[in-house]
Amino acid sequence: MRILLINPPHPAIGSRIPQEHLPPLGLLALGGPLLDAGHQVELLDAEFGPMTVDRIVSEVRDRDPDAVLLGHSGSTSGHPGVAQIARAVRAAVPQAWIVYGGVYPTYHWLEIMEQEPGFDFIVRGEGEETVVRLVATLEQKQALKKVPGIVFRTGTVPAARRLTAEPPFPVGPVLATPPPTVIRDLDAYRVGWELIDHTRYSYWGNRRAVVVQFSRGCPHHCCYCGQRDFWRTWRHRDPVKFAAELARLHREHGVEVINFADENPTASRAAWQAFLEALIAEQVPLILVGSTRASDIVRDADILHLYKQAGVARFLLGIESTDERTLQAIRKGSTQAVDREAIRLLRKHHIISMTAWVADFAQATDRDYWRALRQILSYDPDQLQALYATPHRWTPFARQEAKRRVIQTDLSRWDYKHQVLESKNVPNWRVLLWVKLIEAVTQLRPKSLLRVLAHPDRGFRAAMRWYYSIGRHVWPYELWHWLFLDHRTRQHPVLAEFLNAGRAAGEHKSPALPHQPEERDWPSTPSPLADIMAPNWTLRTWLHQVPPDREPSRLAAATDAPEPSDAPCTLVALRAASRDGSRSDRGLDASRTLQLTGTSRTWPGSPSLLSLPRMDQGECAVVSERTEQL
């Protein structure tokens, strides 16, 4: 099939101010497997220009693809633009399938399919396996319901080309197939680098650049994060193979800057150190920039020289807040002392520390903002990225703030650089002034200016000058947006109502396909029954997961589990665990077992026997069954 990947233009300030662009890694990650499956694949990067919708439609019409794949890394704020493009493409090229993927559609698939008839399919979660299966199913005219991880409408007829003799879109209910399995081997699918012209993409002061992922997911539980549940568990690529790929990009395409898209690339010290050593052995002059946790920097104090030797030039540290109570409330898992030490250690090794600070996590007062300014100055970061608290429906933070008022209903402004929630104690216009003041004082204080002008590391000075050249445009641009371009609502709907408006209207008539329990291998959570196994026994382990849209509650761990086999003796063990497989020990003895006798094919006992203490979103129960085979 002929497949066209479209990277839509994005309205975010970060996309429009710098005269540099980074390649769309998410779409390229789909392009590689599709190319390897024998399909003709092209990329239309509409960020350049940026292209108007009419120009995009004209390009699509000229290329006449069988399928158009749309997605954007800025998923929530990118959605309005994607929907507009889909409507225009559907009208102009009705015979092409339109497939949509990303974080936002993964969780808002129901209302999207009901409100935007231009989309034929939504891919939920990781797309490499799912997209290849979907395209093969269409080409071979097989049953769509057998493809895990997709959403479609009943009445959709699978074919290599979309049927246009029928109504413009099926009118049946929306169906969602069970989620796909997690991609354990991230090296099994390659990135389609051949789809781009590397000379067009730059970063860090017009240096040729790419975006990469060493790992996916994050083992931590920050309540505001919209990415963690999307990836489901932390995994990493083979460190040596990954280093070799980066070296090849430098030698064959002249790539100088590697921008990591990982949420937490350094989560495993052993894997990260192996990567650094492998990249050092490649002897390529690369510049590495990315994000990580302050605690990982402190943990790696004795190997930070390897960071610098491998080319690490900057790490963004998501400190989020300088207030201990707020850090606890958002489950950051860090402290002021750790954050300060991480910044000090990076400076010691001439690595730029950029701190991400988020305004309005709590109902702050003027005194709180003044205290935040003083504390940020005492942290002494090299660069500051000030953001605004932005709730996503699938996060615990959205539930915590459910009763707050929304001042910005335009989703294209939900990019962390615009205020979207009403501030109770400080008027929103004054919150903006506080944020601008904190940014200005932090970056214009003598210490910061001295690092720009006289830091002993030449690369450090150049990077700081590049950052300041962007900041002097972004700072007034955000003020201008607030005053003249941001149209804030006067209705101020409650957050819960705004986020759930589309879902409530359609859930009763758009059932999802029955959920199938997913079997996974979680080697980091060994069963407490494993040490009492015998040759004639079998051991199964599965998960009972708290769904993203369910409030924390007492849940029967066996409700979603497979039925136990007919057996005279079964032992069941329950353990509370985090989604990455590590124990969280929420009041449950990991060695506790329940002996179930008889041959019943249903779970005997009440939920009080097979239940866990209060579980939070993102936690699960690891359930093990040991069965004696007769």
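Only a predicted model underlies this, so the values are computations on that prediction, with no experimental measurement involved.
- In summary, the side chains of Ser412 and Ser77 do not present any donor paired with an acceptor at a separation below 3.5 Å, with no hydrogens or angles considered.
- In this structure, Trp272 contributes its side chain and Pro265 its backbone to no donor-acceptor pair below 3.5 Å.
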Next item on the list: Might you work through the side-chain contact (heavy atoms from CB on, under 4.5 Å) test for Leu195 and Val41, ending with a clear yes or no?
Entry: CA-CA 8 Å; Leu195 295 173; Val41 184; 4.0 Å; yes
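- A distance of 9.0 Å separates CG of Leu175 from OG1 of Thr156, quoted to the nearest 0.5 Å.
- Of the possible donor and acceptor atoms, one in the side chain of Thr177 sits under 3.5 Å from a partner among the backbone N and O of Ile150.
- Here CG of Leu249 is found 6.0 Å from CD1 of Ile258. Values are rounded to the nearest 0.5 Å.
- Thr266 places no side-chain N or O within 3.5 Å of a backbone atom of Thr292 that could act as its donor or acceptor partner.
- Ring geometry for Tyr307 against Phe315 counts as perpendicular: the plane angle is over 60°, on a 0 to 90° scale with 30° as the lower cut.
- Between Phe214 and Phe275, the ring centre distance stays below 6.0 Å.
- In plain terms, the two heavy atoms of Ile56 and Pro9 that are nearest each other are CD1-CD, 3.9 Å.
- Arg190 and Glu245 are not joined by a salt bridge, as no carboxylate oxygen comes within less than 4.0 angstrom of a charged side-chain nitrogen.
- Here the two rings, on Trp414 and His79, have centers that are 6.0 Å apart or farther.
- Of the possible polar contacts, one joining the Tyr107 side chain to the Phe230 backbone as a donor-acceptor pair under 3.5 Å is found.
- The main-chain N or O of Arg237 is never found under 3.5 Å from a side-chain atom of Asp187 such that the two would form a donor-acceptor pair.
- You'll find the side chain of Gln213 stays beyond 4.5 Å of the side chain of Val191, heavy atoms only.
- A salt bridge links Arg161 to Asp64: at least one charged side-chain nitrogen sits closer than 4.0 Å to a carboxylate oxygen.
- Residues Tyr201 and Glu20 bring no donor and acceptor atom of their side chains to less than 3.5 Å of each other.
- Using a distance-only test at 3.5 Å, with no hydrogens or angles considered, no donor-acceptor pair links the side chain of Asn264 to the main chain of Cys218.
- A tilted orientation is assigned to the rings of Phe152 and Phe121, their planes being inclined by 30° to 60°.
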Next item on the list: Tell me, with the steps shown, if Arg2 and Glu139 meet salt bridge (Lys or Arg N to Asp or Glu O under 4.0 Å).
Entry: CA-CA 11 Å; Arg2 296 190 305 276; Glu139 199 170 34; over 6 Å; no
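- Other residues, nucleotides and ligands contribute at most 12 non-hydrogen atoms within 6.0 Å of the CZ atom of Arg55.
- Note that Arg200 lies in the cation-pi zone of Phe48, set by a 6.0 Å cut-off to the ring centre and a 45° limit from the axis.
- Ion pair Lys241/Glu282 not flagged as a salt bridge, since none of the NZ, NE, NH1 or NH2 atoms sits closer than 4.0 Å to an Asp/Glu carboxylate oxygen.
- Between the side chains of Asp54 and Thr52, no donor-acceptor pair is found at a separation under 3.5 Å.
- In this structure a side-chain-to-backbone donor-acceptor pair under 3.5 Å is present from Asp197 to Thr199.
- Using the six-membered ring where Trp is involved, Trp234 and His236 have ring planes that are tilted, between 30° and 60° apart.
- To the nearest 0.5 angstrom, Leu35 atom CG is 10.0 Å from Gln40 atom CD.
- Here the closest heavy-atom approach between residue Ile196 and residue Pro23 is recorded as CD1-CB, 3.8 Å.
- Under the 4.0 Å criterion applied to side-chain N and carboxylate O atoms, Arg393 and Glu111 are assigned as salt-bridge partners.
- Ion pairing between a basic and an acidic side chain is recognised when a charged N comes within 4.0 Å of a carboxylate O; Asp120 and Arg90 show such pairing.
- When each of Arg208, Arg251, Arg207 is checked for a salt bridge (charged side-chain N to carboxylate O under 4.0 Å, His left out) with Glu256, only Arg207 meets the rule.
- Here the closest non-hydrogen pair linking Thr76 and Pro80 is O-CD, 3.7 Å.
- Between Leu4 and Val60 the shortest side-chain heavy-atom distance falls below 4.5 Å.
- Here the closest heavy-atom approach between residue Gly226 and residue Thr395 is recorded as CA-CG2, 3.9 Å.
- In this structure, Leu279 and Ala243 approach most closely via the heavy-atom pair N-CB, 3.6 Å.
- Under the 3.5 Å distance criterion, the side-chain polar atoms of His39 are matched with a main-chain donor or acceptor of Met1.
- Put simply, CZ on Arg399 and CG on Leu499 are 11.5 Å apart, with the number rounded to the nearest 0.5 Å.
- Put simply, the side chain of Trp204 reaches to within 4.5 Å of the side chain of Val289, judged on heavy atoms.
- Here CD of Glu116 is found 10.5 Å from CD1 of Ile98. Values are rounded to the nearest 0.5 Å.
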Margin query: Run Ile112 and Ile122 through side-chain contact (heavy atoms from CB on, under 4.5 Å) and show every step you take.
Written below: CA-CA 9 Å; Ile112 291 173; Ile122 285 177; 3.8 Å; yes
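- The closest side-chain heavy-atom distance from Val131 to Leu34 is below 4.5 Å.
- At most 12 heavy atoms of other shown residues, nucleotides or ligands fall within 6.0 angstrom of atom CD in Gln283.
- The pair Glu126-Arg235 meets the salt-bridge criterion, with a side-chain N (NZ, NE, NH1 or NH2) lying under 4.0 Å from an Asp/Glu carboxylate O.
- No side-chain heavy atom of Val210 sits less than 4.5 Å from a side-chain heavy atom of Leu22.
- A cation-pi geometry, defined here as NZ or CZ lying under 6.0 Å from the six-membered ring centre and within 45° of its normal, holds between Arg124 and Trp109.
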Note to self: Checking His21 against Tyr203 for the side-chain contact (heavy atoms from CB on, under 4.5 Å) test, could you report, in this order, the C-alpha distance in whole Å, the side-chain angles of both residues, the deciding distance, and whether it holds?
What the structure shows: CA-CA 7 Å; His21 296 286; Tyr203 190 62; over 6 Å; no
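- The closest side-chain heavy-atom distance from His198 to Trp193 is below 4.5 Å.
- Residue Leu110 holds its CG atom at 11.0 Å from NE2 of His108, rounded to the nearest 0.5 Å.
- When all heavy atoms of Pro117 and Arg153 are compared, the closest pair comes out as CA-NH2, 3.3 Å.
- Contact annotation: the side chain of Leu43 approaches that of Pro24 to within less than 4.5 Å [non-hydrogen atoms, C-beta and beyond].
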Checklist line | Steps toward side-chain contact (heavy atoms from CB on, under 4.5 Å) verdict (Leu138, Trp97) | finding: CA-CA 10 Å; Leu138 293 173; Trp97 297 106; 3.9 Å; yes
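- Here the side chains of Arg133 and Pro148 are in contact, with some heavy-atom distance below 4.5 Å.
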